[in-house]
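Right, one structure below, let's go through it.
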Amino acid sequence: MAPETYYLVTTANEKTWYFDKPMYFLGEWCRRYDRKEIWSQLNIQLPNQSCCSATQKDQLITQTQEQEEKLLTLLTLELNVIHGKNHSSRYWAILLGHWLRSYVSVITFRYQQLNQACERNKFSETRVFDVPCASLAHADILQFQWGCSDDIWNNVVYGAILAYLRKSDMRIEKIPLDISAPSNNGHSKLSNQKKISLWQFLKYSAQKITSKCLRDTDAFIVSSYLPILEEIKLHLSLRQAPQFWQMQEFYIAKPDIDLRQKLTDKIILTHGDFGLESCLYGLLFQMIPVCYLESYVSIQTQLQHVMWPKNPKFIYTANNFYADEVFKQWVAGKVEQGTPYFVGQHGNNYAVSKYVVNGCDEVTSDKFYTWGWSNKLNTKYKPAFIFKTCNKHLIRKNPQDLLLIQLSLPHQSLPWDVYPEHAKYQQEQFVFAKQLNANVSESLVVKMHGDVDKDFWCQKLRWLDRFQGLRIMDSSCRFLDALKNARLVVFSYDSTGILEALSLNIPMIAFWQDGLSHMIDEAKPFYQKLFDVGLIHYSPEDAAAKVNQVWDNVDAWWYSSDIQQVRVLFCQQYAKTVEKPIRFLRRMLLEGVRETLEEKELAKCS
């Protein structure tokens with residue numbers, strides 16, 4: 001019997017569906033929960049969906065990082081030629097290293113998913129929006145990040161990948177795309193931009209005043225992750241006026257379709273037009289964000305007029321290394337001029353997760369300041385303290401809530417399918433809630449992640465379909481504010497919030513799937529101690545049982561010697577607190593300047 005022939009569907013955009021024919025949905029992302037009444041009536045086949053194993057993830061991370069290194073070498077050569085520069089690979093890594101890692105992961109997963117589907121099934125046709133490949137280029141890394149979950153963008157990406165699979169027996173129907181939507185051309189819009197708050201207005205006003213006191217040799221400190229009053233103290237301790245730097249918008253030029261195609265044709269001549277590696281090379285200049293190609297020169301011009309220090313003593317950030325495109329160009333230039341560049345730890349995955357290693361922020365900085373841990377093999381890592389809760393003291397008056405912290409659907413920018421793992425995660429949340437005793441359940445408050453309103457998982461709807469009347473905390477509520485009313489906090493994933501809660505001595509437990517398989521070996525003993533005393537659990541049933549057990553007297557359990565001894569030991573490694581933290585950080589930063597300059601002098605002599 002001949003195998004059934006399907007019509008391939010790659011996204012949830014229903015304009016690409018075949019409602020009267022047998023369809024093969026490439027993944028669970030094609031079936032939006034809030035459109036179930038539509039797709040549940042159709043003839044649909046899905047691939048076997050299972051979570052990616054730890055071994056498979058390890059292999060994918062190794063594979064993508066090897067490709068990333070090759071592509072960075074190529075980009076360094078080509079972008080220097082295009083822009084008439086002679087910058088180092090470190091310069092370009094500061095600009096686009098984070099984007100490049102995501103790009104390789106995005107193409108790798110989509111290529112392999114599509115290739116596997118084509119090998120196992122027979123497809124007669126698929127529909128792809130009729131737009132040039134250059135339309136895949138976003139303005140910057142933030143637009144790229146959110147574009148990875150956009151149905152139209154993904155549909156065009158899958159269509160472009162098909163060319164590298166050479167599936168000549170599958171017809172590709174080009175369908176028109178409504179081009180009446182507003183253009184992205186013009187000045188960039190900062191991510192999540194909302195109506196300006198009173199606090200933002202005050203910071204902007206303060207910056208206009210303090211900028212008059214700016215000196216060319218002042219240290220440039222932005223998004224330090226310190227509470228705002230502590231950051232002001234840091235400025236003052238360095239004997240400089242506090243500055244409240246804001247992200248800069250930049251002009252978004254039109255993608256140069258001819259230039260991008262010429263670069264693509266040149267690469268194809270060298271790297272071919274078939275297979276995964278050829279696909280990675282072939283789509284590189286079709287997808288590279290505008291800020292690194294067409295808008296690069298205008299940002300360079302913009303930097304000549306920004307009121308920033310011309311010769312800063314050092315540059316320090318714990319956040320802007322990722323998405324602040326103007327800042328990144330400025331930093332890259334200053335680094336090549338010899339300015340020490342320091343980065344502070346941004347979240348919990350550093351020195352813990354196997355899948356967050358050798359990040360661009362770590363590799364390109366001169367010194368990296370951690371929340372407590374050190375790296376015996378690399379002296380650039382300097383153990384500091386947890387910046388986010390520095391000198392924070394929460395006032396909790398008779399807290400009554402059981403606060404369950406939720407994870408949103410991860411961005412589709414990993415080299416594996418995030419949907420099966422997140423589906424399992426969601427079911428475990430429901431199991432946890434059902435296992436709570438009645439007197440505990442009535443205190444349950446579910447706090448959504450800040451990104452929940454931007455993904456297509458429909459998490460709020462799923463919860464309310466299962467638990468009518470459930471209290472759901474708005475995702476905009478600040479995490480530390482939410483803690484004030486929590487008798488006990490439950491983290492449903494390996495969250496930065498765990499480190500914050502432990503450092504503040506807030507009663508908490510956590511549970512997640514697959515144990516410690518996502519961690520590097522050096523981290524496991526510390527987390528194992530949390531497991532041994534019941535602060536971490538590997539199943540929702542065990543976590544709920546612990547909550548039921550301690551609920552009536554949380555404080556007696558939490559402040560017991562066993563819990564507190566383990567908490568203090570863990571925090572010394574991953575969420576350290578110190579006396580006089582600003583004096584401590586000032587000393588470390590100035591020592592970092594001295595060490596960096598000495599290292600540069602030694603490098604010149606060698």
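Predicted model only: the values in this text are computed from it and were never measured. Nothing fancy with the numbering, it's 1 onward along the sequence.
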State, to 0.1 Å, how close Asp494 and Met519 come at their nearest heavy-atom pair, and which atoms those are.
OD2-CE, 3.6 Å

Please examine the side chains of Ile520 and Val352, heavy atoms only from C-beta on, and report whether any two atoms are closer than 4.5 Å.
no

Is it the case that the ring center of Phe19 lies less than 6.0 angstrom away from the ring center of Trp39?
no

Distance-only polar pair, side chains of Trp457 and Gln426, donor-acceptor under 3.5 Å:
yes

Judged by modelled atom types alone, do Gln302 and Gln329 share a side-chain donor-acceptor pair under 3.5 Å?
no

Point-to-point distance, once rounded to the nearest 0.5 Å, from OG1 of Thr62 to NZ of Lys354:
10.0 Å

Is the closest side-chain heavy-atom distance between Gln49 and Glu28 below 4.5 Å?
yes

Candidate pair Gln468 and Leu464, rule side chain to side chain contact (heavy atoms under 4.5 Å, CB included), full reasoning:
CA-CA 5 Å; Gln468 294 183 3; Leu464 293 174; over 6 Å; no

Do Arg471 and Val446 have side chains that approach each other closer than 4.5 Å (heavy atoms only, starting at C-beta)?
no

Not counting sequence neighbours, which residues clear side chain to side chain donor-acceptor pair (under 3.5 Å) with Lys266? List them please.
Glu78

Aromatic ring proximity, centroids under 6.0 angstrom, Tyr158 and Trp153
no

Please check if the number of heavy atoms outside Lys424 that lie under 6.0 Å from its NZ is greater than 12.
yes

Report yes or no: does Thr126 contribute a side-chain atom to a donor-acceptor pair with the main-chain N or O of Leu8 at less than 3.5 Å?
yes

In terms of side-chain heavy atoms, does Thr11 have a donor or acceptor partner in Asn13 at a distance below 3.5 Å?
no

Between Gln56 and Ser53, is there a side-chain donor-acceptor contact under 3.5 Å, judged purely by atom types and distance?
yes

Is Val418 close to Leu409 at the side-chain level, that is, under 4.5 Å between some pair of heavy atoms?
yes

Is Ser295 reaching over with its side chain to a backbone N or O of Cys291, donor-acceptor style, under 3.5 angstrom?
no

Do we see a donor-acceptor contact under 3.5 Å between the side chains of Asn155 and Arg127?
no

Contact check, side chains of Leu42 and Trp17, non-hydrogen atoms, under 4.5 Å
yes

Compute whether any side-chain donor of one residue and acceptor of the other, for Asp20 and Tyr7, lie under 3.5 angstrom apart.
no

With no hydrogens and no angle check, do the side chains of Asp265 and Gln261 hold a donor and an acceptor under 3.5 Å apart?
yes

So how far is it from Ser413 OG to His98 NE2, rounded to the nearest 0.5 Å?
12.5 Å

Just by distance, with hydrogens left out, do Trp29 and Asp151 show a side-chain donor and acceptor under 3.5 Å apart?
no

Do you know which two heavy atoms are closest between Val290 and Pro255, and how far apart they sit?
CG2-CG, 4.1 Å

Rounded distance (nearest 0.5 Å) linking atom CD of Gln112 with atom CD of Gln63:
5.0 Å

With sequence neighbours left out, what residues match Arg32 under side chain to side chain donor-acceptor pair (under 3.5 Å)?
Asp34

Looking at Glu69 and Arg101, is there a salt bridge between them, counting it only when a charged N and a carboxylate O are closer than 4.0 Å?
no

Less than 4.5 Å apart, side chain to side chain, heavy atoms only: is that true for Leu470 and Val445?
no

Any side-chain to backbone donor/acceptor pair from Gln113 onto Leu26? Under 3.5 Å, distance only.
yes

Apply side chain to side chain contact (heavy atoms under 4.5 Å, CB included) to Met287 and Tyr103, showing your working.
CA-CA 8 Å; Met287 293 175 63; Tyr103 165 78; 3.7 Å; yes

Once rounded to the nearest 0.5 Å, what's the spacing between atom OG of Ser124 and atom OH of Tyr24?
14.5 Å

Donor-acceptor pair, Asp140 side chain versus Gln143 backbone, under 3.5 Å?
yes

If we ignore hydrogens and angles and just use 3.5 Å, is the side chain of Ser135 paired with the main-chain N or O of Val131 as donor and acceptor?
no

Centre-to-centre under 6.0 Å for Tyr425 and His422, is that the case here?
yes

Taking atom types as modelled, is there a side-chain donor on Asp361 or His346 under 3.5 Å from an acceptor on the other?
no

Given the side-chain rings of Phe432 and Trp463, with only the six-membered ring counted for Trp, is the space between their centroids under 6.0 Å?
no

Assess the side chains of Glu325 and Tyr292: does a donor N or O sit below 3.5 Å from an acceptor N or O?
yes

Once rounded to the nearest 0.5 Å, what's the spacing between atom CD1 of Ile536 and atom CZ of Phe491?
11.0 Å

Verify the ring-centre separation between His138 and Trp146: is it less than 6.0 angstrom?
no

Do any N or O atoms from the side chain of Asp481 and from the backbone of Cys477 form a donor-acceptor pair under 3.5 angstrom?
no

Quick one: does any side-chain atom of Ser443 pair with a main-chain N or O of Leu402 as donor and acceptor, under 3.5 Å?
no

As a quick check of understanding, evaluate side chain to side chain contact (heavy atoms under 4.5 Å, CB included) for Tyr281 and Thr270, giving each step before the final call.
CA-CA 10 Å; Tyr281 280 90; Thr270 307; over 6 Å; no

Take Thr5 and Phe123 through the test side chain to side chain contact (heavy atoms under 4.5 Å, CB included) and record every step on the way to the result.
CA-CA 5 Å; Thr5 300; Phe123 300 125; 5.9 Å; no

Side-chain touch Leu404/Ser492, heavy atoms, less than 4.5 angstrom:
yes

Can Glu421 and Trp416 be counted as having a side-chain donor-acceptor contact under 3.5 angstrom?
no

Heavy-atom pair with the smallest gap, counting every atom of Phe144 and Ser102
CE2-CB, 3.7 Å

Side-chain donor or acceptor of Arg171 paired with backbone N/O of Glu125 under 3.5 Å
no

Determine whether Ile82 and Leu263 make a side-chain contact, defined as any pair of heavy atoms from C-beta on separated by less than 4.5 Å.
yes

If you round to the nearest 0.5 Å, how far is CG of Leu95 from CG of Leu79?
9.0 Å

Output yes when a side-chain donor or acceptor of Gln429 lies under 3.5 Å from a complementary backbone atom of Pro540, and no otherwise.
no

Please check: side-chain N/O of Asn154 versus main-chain N/O of Cys148, any donor-acceptor pairing under 3.5 Å?
yes

Identify the two heavy atoms, one from Ser149 and one from Phe456, that lie closest to each other, and give their separation to 0.1 Å.
O-CE1, 2.8 Å

Minimum heavy-atom separation for Ile61 and Tyr355, please, with both atom names.
CG1-CD2, 3.6 Å

Can you confirm if the aromatic rings of His537 and Phe511 lie within a centre distance of less than 6.0 Å?
no

Once side chain to side chain donor-acceptor pair (under 3.5 Å) is applied, do any residues pair with Tyr322, and if so which ones, sequence neighbours excluded?
Gln145

If I compare all heavy atoms of Lys447 with all of Asp474, which pair ends up nearest, and what's the gap?
NZ-O, 4.4 Å

Quick one: do the Asp465 and Tyr33 side chains pair a donor with an acceptor below 3.5 Å?
yes

Do other residues, nucleotides or ligands put more than 12 heavy atoms under 6.0 Å from Lys36 NZ?
no

